Amino acid sequence: SGLQMIVWLDPKGKRRWSVRPGLLPDTGKVESPDPALATAVAEAGRINTTAVSPVFDSAGKSLVYTAVPIHSHGRLRGYVAGLYDVAELVRSLLAKQLSDQYTVTVTANGHAFRVPAGRKAAASAEFERHAPVALGNAVWSVAVAPAAAVTTLERSVMSFGVLTSALLY
């Protein structure tokens with residue numbers, strides 16, 4: 001799923017606790033502020049719905065925060081934020097839905113994530129299709145293209161078909 005951490009913040013955006021998958025919650029003081037988390041929380045407060053931070057790099061991973069304002073009886077009670085490894089998140093969302101004949105590239109803030117990671121798209125962009133995808137306050141781009149192996153196979157089949165036709169007629 002790509003989830004790295006969940007954070008609960010008070011209505012002023014101050015971190016109260018966080019938890020990483022498989023570990024106990026951490027209620028200790030956070031020494032340094034996290035600018036990406038602060039950006040997501042501020043935007044969630046401003047638009048009063050889910051907000052997404054810009055993608056940022058940390059410890060060799062591309063990460064993103066999502067933040068959601070939590071209301072009870074008409075009052076803001078705080079925010080829940082999730083920290084995600086974007087490459088893992090994209091792979092987990094598309095893993096069982098993608099045919100071997102295609103590649104999908106998700107682009108966010110100049111970071112590109114290809115699924116499957118090792119598969120190359122066809123050299124020709126002729127068949128590639130792009131679409132914007134709104135994620136809260138952010139818009140990411142999704143591109144779908146035939147895999148390079150598919151177009152090579154199609155060319156081989158076409159060449160064989162042409163050769164066979166020429167020999168038979």
Side-chain angles (χ1 to χ4, degrees), residues 1-72 76-100 102-122 125 128-148:
S1 73
L3 181 64
Q4 303 292 300
M5 179 174 55
I6 296 173
V7 182
W8 174 261
L9 302 104
D10 68 18
K12 293 182 179 178
K14 183 176 179 187
R15 187 187 303 223
R16 292 299 175 189
W17 59 261
S18 63
V19 64
R20 293 184 181 274
L23 300 177
L24 294 173
D26 179 7
T27 57
K29 300 257 184 204
V30 176
E31 299 300 322
S32 59
D34 187 331
L37 176 58
T39 299
V41 169
E43 187 64 13
R46 187 183 74 75
I47 63 177
N48 200 30
T49 190
T50 303
V52 180
S53 75
V55 175
F56 62 97
D57 294 321
S58 178
K61 296 181 179 181
S62 295
L63 304 171
V64 66
Y65 277 106
T66 60
V68 180
I70 305 299
H71 295 86
S72 175
L76 177 65
R77 299 297 179 174
Y79 300 89
V80 172
L83 175 65
Y84 293 89
D85 176 327
V86 183
E88 259 185 62
L89 176 63
V90 169
R91 273 193 294 276
S92 71
L93 291 172
L94 296 173
K96 297 190 191 261
Q97 300 182 46
L98 188 60
S99 163
D100 290 343
Y102 297 95
T103 63
V104 174
T105 304
V106 176
T107 305
N109 309 105
H111 293 78
F113 307 95
R114 180 166 298 181
V115 178
R119 189 179 303 156
K120 296 190 185 221
E128 187 172 274
R129 297 294 177 254
H130 295 263
V133 175
L135 296 171
N137 59 312
V139 178
W140 291 8
S141 172
V142 176
V144 179

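In this chain, numbering begins with 1 at the start of the sequence shown. Not measured: the values here are computed from a predicted model.
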Considering all heavy atoms, the nearest [X]-[Y] contact:
| X | Y | value |
| --- | --- | --- |
| Ser1 | Ser92 | CA-OG, 3.4 Å |
| Met5 | Arg20 | SD-NH2, 3.9 Å |
| Tyr79 | Pro11 | CE1-O, 3.7 Å |
| Val7 | Arg15 | CG1-CG, 3.5 Å |
| Ser62 | His111 | OG-CD2, 3.5 Å |
| Ile47 | Thr50 | CD1-O, 3.6 Å |

Once you round to the nearest 0.5 Å, how far does [atom1] of [X] lie from [atom2] of [Y]?
| X | Y | atom1 | atom2 | answer |
| --- | --- | --- | --- | --- |
| Leu3 | Leu83 | CG | CG | 8.0 Å |
| Ile70 | Arg77 | CD1 | CZ | 11.5 Å |
| Tyr84 | Leu63 | OH | CG | 12.5 Å |
| Arg114 | Thr107 | CZ | OG1 | 9.0 Å |
| Tyr65 | Leu37 | OH | CG | 5.0 Å |
| Thr39 | Asp34 | OG1 | CG | 8.5 Å |

Query raised in the report: Do NZ/NE/NH1/NH2 and the carboxylate oxygens of Glu43 and Arg46 come within less than 4.0 Å?
Result: yes
Requested in this report: Please confirm whether the backbone N or O of Val52 pairs with a side-chain atom of Asn137, one donor and one acceptor, at under 3.5 Å?
Outcome: yes
Query raised in the report: Any chance CG of Leu24 has more than 12 other-residue heavy atoms, nucleotides or ligands included, within less than 6.0 Å?
Result: no
